[in-house]
Amino acid sequence: MASWVNLMETLDKYSVELQEVTKYLWKLICENLGLNSEKLASMFEDGTQGLQIKNNGRWVPIKPVPVVNIGDIIEILSNGEHKGIEHRAVVNTERERLSIAGFLSRPGPGSRCYIDVLIIGHVATRETLDKYSVVLQQVTKYLWKLICENLGLNSEKLASLFEDGTQGLRMNYYPPCPQASRVMGLTPHSDAVGLTLLIQVNDVQGLQIKNNGRWVPIKPVPGALIVNIGDIIEILSNGEYKSIEHRAVVNTERERLSIAGFHSPNMMTMIGPMPDLVKKAANYKAISNEEYIRLVVTSKLNGKNLLDHMKLKQ
Ligand SMILES: O=C(O)CCC(=O)C(=O)O
Ligand SMILES: [Fe+2]
């Protein structure tokens, strides 16, 4: 399966194709403005630095690579947890500088919005990611069935909740760090979704899971999918399944890549214990999926703290 998404190759292609797309955009802009497009494109070949972002009150210059800025809407939706990034552009004494900003917005309910974000302007990987997304959905379907059988539920129960749900793909890139023991690639957390299917793209070890209070490294096995139980399955199963706390550490010499496929139920699903599984008492409260998402985006990524908001005191 990993051969379907060779991330290194994909990222290389992405960078080349992004340049192609940019060239195409220059052409369109120039046509619109009646300018010489060759001349404009040549100005971008080695980029001019000009963008600066504010960090701890200081202006930090950003190299001319594609930049993603968090916008004000995300700041509002996340109730200030993620801050819209203050930025400015300075001018150069000798060279002119141009930039293009792409604004990403969610194209309405549906399962493909994150994938669309990943491939904006990048037509070549649409097919690869589409294929990969479908394979992941097939694998989860099989897993829903197994989990239902384990829990003594109707075998279609979970599949019906997740069928029109949300699927998100995140590609994680961890650069090498000479002081690897002093930094964390990804802070300890459990995934707020139902199930995560993860591949460790290259053979650099980095994923660790918490078992009996100790961090256990997960060895990368080529082509293997790692299945992480997320918080939603813990809640729906009334605690029969426990979500797994995990983190990613970095390597001193080698970069590391992973792709996480997140699977959440459809928006109509109540996030609470399934009635068939409440034998004595519900261990978690039930809230709408919308409220749950609000809780997720306003909570800090910190171990399994999200579940503290959902647990009912017995
Ligand atoms: O990089 C990894 O192995 C972990 C990624 C992860 O936990 C996540 O994306 O939620
Ligand atoms: Fe995770």
Using side-chain contact (heavy atoms from CB on, under 4.5 Å), reason through I232 and T269 one step at a time and then give a plain yes or no.
CA-CA 11 Å; I232 290 183; T269 307; over 6 Å; no

With a 4.5 Å limit on heavy-atom distance, are the side chains of [X] and [Y] in contact?
X: I293; Y: M267; value: yes
X: I229; Y: L195; value: yes
X: F262; Y: Q167; value: no
X: F162; Y: T140; value: no
X: N154; Y: E156; value: yes
X: L295; Y: M310; value: yes
X: E255; Y: P176; value: yes
X: K210; Y: P188; value: no

Side chain [X], main chain [Y], donor-acceptor under 3.5 Å:
X: N266; Y: M268; answer: yes
X: Y292; Y: A192; answer: yes
X: D231; Y: L307; answer: no
X: N289; Y: P265; answer: yes
X: R256; Y: Y174; answer: no
X: N251; Y: R254; answer: yes
X: E240; Y: L151; answer: no

Is [Y] reachable from [X] through a run of hydrophobic residues whose side-chain heavy atoms are each under 4.5 Å from the next?
X: L198; Y: L257; answer: no
X: I287; Y: L161; answer: yes
X: V227; Y: I235; answer: yes
X: I233; Y: V139; answer: yes
X: I209; Y: I199; answer: no

Do you know which two heavy atoms are closest between [X] and [Y], and how far apart they sit?
X: V250; Y: C177; result: CG2-CB, 4.0 Å
X: Q200; Y: I218; result: NE2-O, 3.1 Å
X: L312; Y: A282; result: CD1-O, 3.6 Å

Mark yes when over 12 heavy atoms from residues, nucleotides or ligands other than K242 sit less than 6.0 Å from its NZ; otherwise mark no.
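Result for NZ/K242: enclosed.
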
Decide if atom CD of Q205 counts as having more than 12 heavy atoms of other residues, nucleotides or ligands within a radius under 6.0 Å.
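Yes - once you tally the heavy atoms of other residues, nucleotides and ligands closer than 6.0 Å, there are more than 12.
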
Restricting to side chain to side chain donor-acceptor pair (under 3.5 Å), what partner residues turn up for E234, sequence neighbours left out?
S243, Y284, K304

Starting at [atom1] of [X], measure out to [atom2] of [Y] and round the result to the nearest 0.5 Å.
X: N228; Y: L207; atom1: CG; atom2: CG; result: 6.5 Å
X: N302; Y: E245; atom1: CG; atom2: CD; result: 8.0 Å
X: S237; Y: D276; atom1: OG; atom2: CG; result: 12.5 Å
X: L158; Y: L153; atom1: CG; atom2: CG; result: 6.5 Å
X: L136; Y: Q138; atom1: CG; atom2: CD; result: 9.5 Å
X: D191; Y: H263; atom1: CG; atom2: NE2; result: 11.5 Å

Quiz question: by atom type and distance under 3.5 Å, do the side chains of S258 and N172 form a donor-acceptor pair?
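There is such a pair between these side chains.
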
Run the numbers on N150 and Y241 for side-chain contact (heavy atoms from CB on, under 4.5 Å), then give the verdict.
CA-CA 10 Å; N150 260 338; Y241 276 87; 2.9 Å; yes

Residues R294, E290: salt bridge by 4.0 Å N-O rule:
yes

Check against side-chain contact (heavy atoms from CB on, under 4.5 Å), V216 and Q208:
CA-CA 5 Å; V216 180; Q208 300 184 339; over 6 Å; no

